[in-house]
Amino acid sequence: MDWVKLLLNWYLENKRDLPWRRQKDAYAIWISEIMLQQTRVDTVLAYYTRFLERFPTVRDLAQADIDEVLKYWEGLGYYTRAKNMHKAAGEIVRHHQGVFPQTYREVLALPGIGPYTAGAVMSIAYNQPYPAVDGNVLRVMSRLYLLKKDISQPAVKKEVENLVKQAFPAEQACDFTQALIELGALVCLPTAPKCFGCPIRQDCKAFQENLQNALPSKQKKPARKSVIRYIALIQQGDRILMNKRPADGLLGGLWEFPGVEGKNKKEFCEKFKIKYGVDIFPDSHWMDTKHEFTHLIWEMKIYRCRLDPAETIKETRLQWIPLQELNTIAIPTAFQKIKNTLLNTNSSRGRFLT
DNA sequence: AATCCGGGGCT
DNA sequence: AGCCCAGGATT
């Protein structure tokens with residue numbers, strides 16, 4: 001395969017200087033691969049350095065409280081990644097003496113590690129020829145070999161894994177894996193690929209037939225649904241009532257301003273009572289905000305609410321949080337605008353009083 | 001095989 | 001307004 005050597009030479013000349021490429025510590029490589037799942041390099045950079053400074057070794061991560069790990073993950077999204085990573089760190093300490101496993105079978109067995117990440121760690125950290133097929137590689141290979149089938153089909157991913165396996169250059173698994181990904185990230189772009197700057201365009205069947213813009217083929221995703229979510233802002237003095245979401249599911253384990261889905265204020269109060277066991281009395285309509293997830297849109301209506309003075313909070317997930325501590329708990333992006341507005345109004349009122 | 005799970009940047 | 005990103009787990 002002529003293109004392999006051309007690609008390797010291109011990579012060695014053009015690769016970006018990224019933090020996870022400055023060492024070969026399997027733990028550090030692993031952290032980078034988890035963070036980079038469905039997440040762009042530019043987004044990961046700041047998180048990565050901060051995370052490794054706080055959790056420099058697998059033992060540091062294993063010993064940390066999951067709530068602190070989630071705080072370091074705050075805003076990155078797909079929070080089960082952080083929870084699985086923390087769990088995997090514990091398994092590495094217990095079952096592997098704190099040393100990151102070195103066989104594909106053992107790496108793949110860790111929670112949060114699938115075929116891609118296992119291949120990435122094996123090839124990048126250990127220079128072993130295990131394919132790591134991500135979105136970049138699927139795109140590059142579907143064009144290079146003119147694979148016209150929908151790349152969301154598992155059979156196509158299998159085929160690409162086999163093609164990559166056969167292409168692995170001896171003793172250069174680390175560079176080859178990253179070269180394929182780097183080409184997809186810098187040259188073989190999803191739209192408007194830079195074919196005339198591509199080192200392997202002579203071998204690219206899609207380029208030869210001018211089909212690079214038609215590949216890869218992929219099924220469309222259905223439109224997102226929008227729901228109305230009523231949020232209760234319940235403040236007593238300098239404390240605010242917050243809810244810790246259940247460990248599993250959407251935004252699992254993160255803190256939120258308590259709320260429910262509903263059509264109107266009446267439903268708001270009824271559902272809130274059922275969900276939290278607390279009667280609320282909406283006072284003033286405070287603000288509206290919208291948050292778009294991948295499959296869902298929240299139209300949020302935020303109301304200042306009062307509690308019955310005799311009300312005591314029994315719901316274990318509901319907790320009074322001092323405003324000064326609001327920045328120390330993990331709050332997802334969906335609620336950051338509310339949080340910031342709340343902190344700003346309170347601090348400006350504080351300045352008035354002093 | 002289909003669905004869920006974040007967030008952000010680009011077109 | 002879509003599309004896509006260094007995907008994995010669950011059903």
Side-chain angles (χ1 to χ4, degrees), chain A residues 15-16 18-21 29-48 70 73-85 87-88 107-125 131-140 150-158 161 164 174 176-186 188-193 213 216-226 245-254 256 290-298 330-337:
Chain A
K15 65 177 179 180
R16 291 168 290 179
L18 300 172
W20 45 90
R21 288 181 177 162
I29 303 287
W30 170 51
I31 301 294
S32 76
E33 291 301 338
I34 301 298
M35 284 190 174
L36 287 161
Q37 286 172 8
Q38 299 297 105
T39 310
R40 287 187 159 71
V41 166
D42 286 342
T43 305
V44 167
L45 287 174
Y47 283 89
Y48 183 72
L70 284 173
W73 208 268
E74 179 186 84
L76 251 190
Y78 286 138
Y79 297 94
T80 57
R81 292 185 292 175
K83 285 174 274 186
N84 279 332
M85 231 173 54
K87 190 175 169 191
V107 172
L108 184 63
L110 293 169
I113 295 188
Y116 164 76
T117 304
V121 171
M122 291 307 293
S123 60
I124 297 173
V133 177
D134 70 338
N136 288 304
V137 178
L138 279 172
R139 186 171 59 255
V140 169
D150 189 326
I151 60 167
S152 61
Q153 293 175 3
V156 174
K157 192 181 167 191
K158 271 284 182 217
E161 284 172 349
V164 171
C174 173
F176 183 61
T177 288
Q178 296 186 82
L180 277 171
I181 295 169
E182 195 80 337
L183 189 75
L186 298 181
C188 196
L189 304 175
T191 60
N213 293 309
S217 68
K218 210 170 184 178
Q219 67 178 9
K220 286 184 207 166
K221 288 179 181 167
R224 284 175 296 188
K225 287 188 176 175
S226 183
R245 295 176 63 88
D248 297 317
L250 181 65
L251 306 175
L254 278 78
E256 66 177 350
K290 181 171 77 170
H291 186 77
E292 303 190 13
F293 298 96
T294 305
H295 299 289
L296 178 71
I297 299 174
W298 276 355
I331 299 174
T333 301
F335 300 102
Q336 287 295 331
K337 187 178 175 187

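Order of the sequence lines fixes the chain letters, A, B, ..., with proteins taken first and strands second; residue numbering starts at 1 for each chain.
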Are any side-chain N or O atoms of N84(A) and backbone N or O atoms of P111(A), one a donor and one an acceptor, separated by less than 3.5 Å?
no
Out of dG7(C), dA6(C), dC5(B), which nucleotide sits closest to the side chain of Q37(A)?
dG7(C)
Assign each of A223(A) and K157(A) the nucleotide of DNA chain C bearing its closest heavy atom; nearer the 5' end lies the nucleotide of A223(A)
Any donor-acceptor N/O pair, S123(A) side chain to G119(A) backbone, under 3.5 Å
yes
Can you figure out which of dA6(C), dG6(B), dG8(C) approaches the side chain of Y79(A) most closely?
dG6(B)
Quick note, N136(A) side chain, CB onward, closest among dA6(C), dG6(B), dT11(B) is dA6(C)
Contact nearer the 5' end of DNA chain B, comparing A155(A) with F293(A)
A155(A)
If I take atom CD in residue E33(A) and atom C1' in nucleotide dG7(C), what distance separates them, rounded to the nearest angstrom?
11 Å
Quick note, D134(A) side chain, CB onward, closest among dA6(C), dG7(B), dG6(B) is dA6(C)
When W20(A) and N84(A) are each assigned the nearest nucleotide of DNA chain C, the 5'-most assignment goes to W20(A)
Residue whose closest nucleotide on DNA chain B lies nearer the 5' end, L296(A) versus S152(A):
S152(A)
Interatomic spacing from CG in L250(A) to OG1 in T80(A) - rounded to 0.5 Å
11.0 Å
Against Y116(A), only a single residue in E33(A), K157(A), Q37(A), E161(A) fulfils side chain to side chain donor-acceptor pair (under 3.5 Å); can you say which?
E33(A)
How is K218(A) classified with respect to the nucleic acid when contacts are heavy atoms under 4.0 Å: base, sugar-phosphate, or nothing?
sugar-phosphate
Looking across every strand, which nucleic acid part, if any, lies under 4.0 Å from R139(A) by heavy atom: base, sugar-phosphate, or nothing?
sugar-phosphate
N or O in side chain of T294(A) less than 4.0 angstrom from dC4(B) OP1/OP2:
no
In whole Å, measure the gap between the C1' atoms of dG8(B) and dA9(C) for me.
23 Å
Hey, does L18(A) reach any base, or is it just sugar-phosphate, or nothing, if we go heavy atoms under 4.0 Å?
base
Could you check whether E256(A) pairs with R245(A) (Lys NZ or Arg NE/NH1/NH2 to Asp/Glu carboxylate O, under 4.0 Å)?
yes
Base, sugar-phosphate or nothing for V44(A)? Non-hydrogen atoms, less than 4.0 Å.
nothing
Starting from P on dT11(B), measure out to CZ on R40(A) and report it in whole angstrom.
10 Å
Determine whether any donor atom in the side chain of T43(A) lies under 3.5 Å from an acceptor atom in the base of dG8(B), or the reverse, and answer yes or no.
no
Please report, rounded to the nearest Å, how far the P atom of dG8(B) is from the NZ atom of K337(A).
14 Å
Once you round it to whole Å, what is the distance between P of dG6(B) and CG of L254(A)?
8 Å
Between dA6(C), dT11(B), dC3(C), which nucleotide has the shortest distance from any of its atoms to the side chain of K220(A)?
dC3(C)
Among the nucleotides dG7(B), dC5(B), dA6(C), whichever has the atom closest to the side chain of H295(A) is dC5(B)
With sugar-phosphate meaning primed atoms plus P, OP1 and OP2, does R16(A) contact a base, only sugar-phosphate, or nothing at under 4.0 Å between heavy atoms?
base
d(CZ, R224(A); C1', dG2(C)) in whole Å:
8 Å
Measuring only the C1' atom in each nucleotide, how far is dA6(C) from dT3(B)? A whole number of Å is fine.
22 Å
Any H291(A) side-chain nitrogen or oxygen under 4.0 Å from OP1 or OP2 of dG7(B):
yes
By nearest atom, which of the nucleotides dG7(C), dA1(B), dA6(C) is closest to the T117(A) side chain?
dG7(C)
Could one point to a donor on the side chain of T333(A) or the base of dG8(B) with an acceptor on the other under 3.5 Å away?
no
Describe, in one word, how the ring planes of F335(A) and W298(A) are oriented to each other, choosing from parallel (under 30°), tilted (30 to 60°) and perpendicular (over 60°).
tilted
Distance criterion of 3.5 Å, no angle test: do you see the side chain of R81(A) paired donor-to-acceptor with the base of dC5(B)?
no
What integer distance in Å separates D42(A):CG from dC10(B):P?
8 Å
Base of dG6(B), side chain of Y78(A) - is there a donor-acceptor contact under 3.5 Å?
yes
So I181(A), base contact, sugar-phosphate only, or nothing? Heavy-atom distance under 4.0 Å.
base
Heavy-atom closest contact (I331(A) atom, L254(A) atom, distance):
C-CD2, 4.2 Å
Quick one: which of dC4(C), dG6(B), dG8(C) gets closest to the side chain of T39(A)?
dG6(B)
Please report the distance, rounded to the nearest Å, between CZ in R21(A) and C1' in dA6(C).
10 Å
For G75(A), report the nucleic acid contact type (base, sugar-phosphate, nothing); a contact means any heavy atom under 4.0 Å.
sugar-phosphate
